[in-house]
Amino acid sequence: MIKINNLHKSFGDNEILKGVDIEINKGEVVVIIGPSGSGKTTLLRCINFLEKANSGEIVIGDNRVQLKHAHKKDILKVRRQTAMVFQSYNLFNNKTALENVTEGLITARKVPKKDAIETGKKVLDKVGLSNKIDEYPCRLSGGQQQRVGIARALALNPEVILFIKSKASNCYGFSKL
């Protein structure tokens with residue numbers, strides 16, 4: 001479960017998020033729809049501490065964090081429970097699809113390279129790209145690049161995946177695994 005209580009975020013005098021409350025149960029998929037500038041991206045960035053909220057609380061599983069007073073340890077714990085898939089994919093152009101998936105496992109999670117490669121191959125197969133593991137992003141279609149981004153998120157085995165804006169719409173979503 002992910003629960004957000006009374007989340008507030010302002011940029012100067014411009015209050016973007018005004019006491020947001022959300023509760024998402026395991027297995028639910030939630031889409032946030034709204035016009036440009038309504039705070040969709042800001043909400044997801046606050047959940048993953050890419051933006052610092054002015055106040056509020058997030059609960060993911062047994063982990064409860066006061067957003068305004070979160071310490072590095074709290075932020076790291078939330079980030080280990082979440083993964084983000086960005087609109088622009090944010091792939092490394094100088095790395096293959098498999099290397100893009102395994103980089104975070106090896107570098108941030110300290111997973112042994114052999115295990116990371118095994119995981120990377122499994123998740124790339126899961127998103128239908130087992131035949132593209134050695135391709136670089138420039139050799140993949142936009143949809144294939146997006147699936148590499150999704151595979152990268154899945155490889156981290158997060159509690160929650162946050163999807164940031166599809167190019168064709170003003171939709172954002174949560175997926176609770």
Side-chain angles (χ1 to χ4, degrees), residues 1-4 7 9 11 16-17 20 22-34 36-53 56-61 63-65 67 70-93 95-111 116 119-120 122-124 126-129 137 140 142-177:
M1 174 188 66
I2 181 170
K3 190 172 185 178
I4 299 165
L7 188 136
K9 174 63 182 170
F11 293 100
I16 305 298
L17 302 175
V20 174
I22 298 173
E23 186 170 329
I24 303 165
N25 295 309
K26 187 172 184 166
E28 288 184 322
V29 175
V30 175
V31 177
I32 302 167
I33 300 172
S36 180
S38 62
K40 301 176 301 291
T41 299
T42 300
L43 172 63
L44 296 183
R45 290 176 60 84
C46 285
I47 290 169
N48 206 33
F49 291 95
L50 296 176
E51 290 285 349
K52 186 172 182 183
E57 175 183 69
I58 184 170
V59 180
I60 301 177
N63 187 22
R64 179 179 303 269
V65 178
L67 296 171
H71 300 290
K72 282 185 179 183
K73 182 178 86 174
D74 300 320
I75 293 168
L76 183 58
K77 191 169 183 181
V78 168
R79 286 184 177 162
R80 285 190 173 147
Q81 293 178 291
T82 61
M84 296 184 90
V85 178
F86 294 92
Q87 173 182 345
S88 60
Y89 322 127
N90 291 4
L91 300 179
F92 297 108
N93 291 324
K95 295 190 179 295
T96 65
L98 181 60
E99 291 169 332
N100 266 283
V101 172
T102 60
E103 182 69 24
L105 292 171
I106 295 166
T107 305
R109 298 273 174 98
K110 307 297 184 209
V111 172
T119 297
K122 283 180 185 174
V123 295
L124 284 167
K126 192 178 234 183
V127 298
L129 293 176
L140 299 172
Q144 290 169 332
Q145 289 179 44
Q146 185 153 46
R147 286 187 279 155
V148 172
I150 292 168
R152 180 176 52 198
L154 290 170
L156 298 172
N157 196 27
E159 291 285 321
V160 177
I161 298 178
L162 307 169
F163 290 86
I164 308 289
K165 193 175 183 183
S166 69
K167 287 185 178 187
S169 68
N170 284 331
C171 297
Y172 296 72
F174 293 93
S175 178
K176 179 73 171 123
L177 301 175

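Values below: every heavy atom of this structure, side chains too, minus hydrogens, waters and symmetry copies.
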Nearest heavy atoms of Ala70 and Val65, plus distance in Å: CB-CG1, 3.6 Å
Residues Leu44, Phe163; criterion side chain to side chain contact (heavy atoms under 4.5 Å, CB included); working and verdict: CA-CA 8 Å; Leu44 296 183; Phe163 290 86; over 6 Å; no
Side chain to side chain contact (heavy atoms under 4.5 Å, CB included) between Ile161 and Leu154, worked out: CA-CA 8 Å; Ile161 298 178; Leu154 290 170; 3.8 Å; yes
From CD1 (Ile4) to CD1 (Ile47), nearest 0.5 Å: 3.5 Å
Considering all heavy atoms, the nearest Phe92-Asn100 contact: N-OD1, 2.6 Å
Minimum heavy-atom distance between Val148 and Val101, given as atom pair plus value: O-CG2, 4.0 Å
Spacing of CD belonging to Glu51 relative to CZ belonging to Arg45, to within rounding of 0.5 Å: 4.5 Å
For Gly149 against Leu91, the heavy-atom pair lying closest together: N-CD2, 4.2 Å
More than 12 heavy atoms from other groups under 6.0 Å of CZ on Arg109: yes
CD1 on Ile58 to CG on Leu7, rounded to 0.5 Å: 8.5 Å
Pair listing, salt bridge (Lys or Arg N to Asp or Glu O under 4.0 Å) test, anchored in residues 146-155, at least two apart: none
For the student: nearest non-hydrogen atoms of Ala153 and Met84, plus distance: CB-O, 4.5 Å
Please output the side-chain donor-acceptor pairs of residues 72-79 that fall under 3.5 Å, not counting sequence neighbours, one pair per line with the distance.
unit_1, atom_1, unit_2, atom_2, d
Asp74, OD2, His71, N, 3.0
Arg79, NE, Asn48, O, 3.0
Arg79, NH2, Phe49, O, 2.9

Point-to-point distance, once rounded to the nearest 0.5 Å, from CG of Leu156 to CG of Leu105: 5.5 Å
Rounded distance (nearest 0.5 Å) linking atom CD1 of Ile2 with atom CD of Glu159: 10.0 Å
Smallest separation among heavy atoms of Pro137 and Gln145, with atom names: O-NE2, 3.1 Å
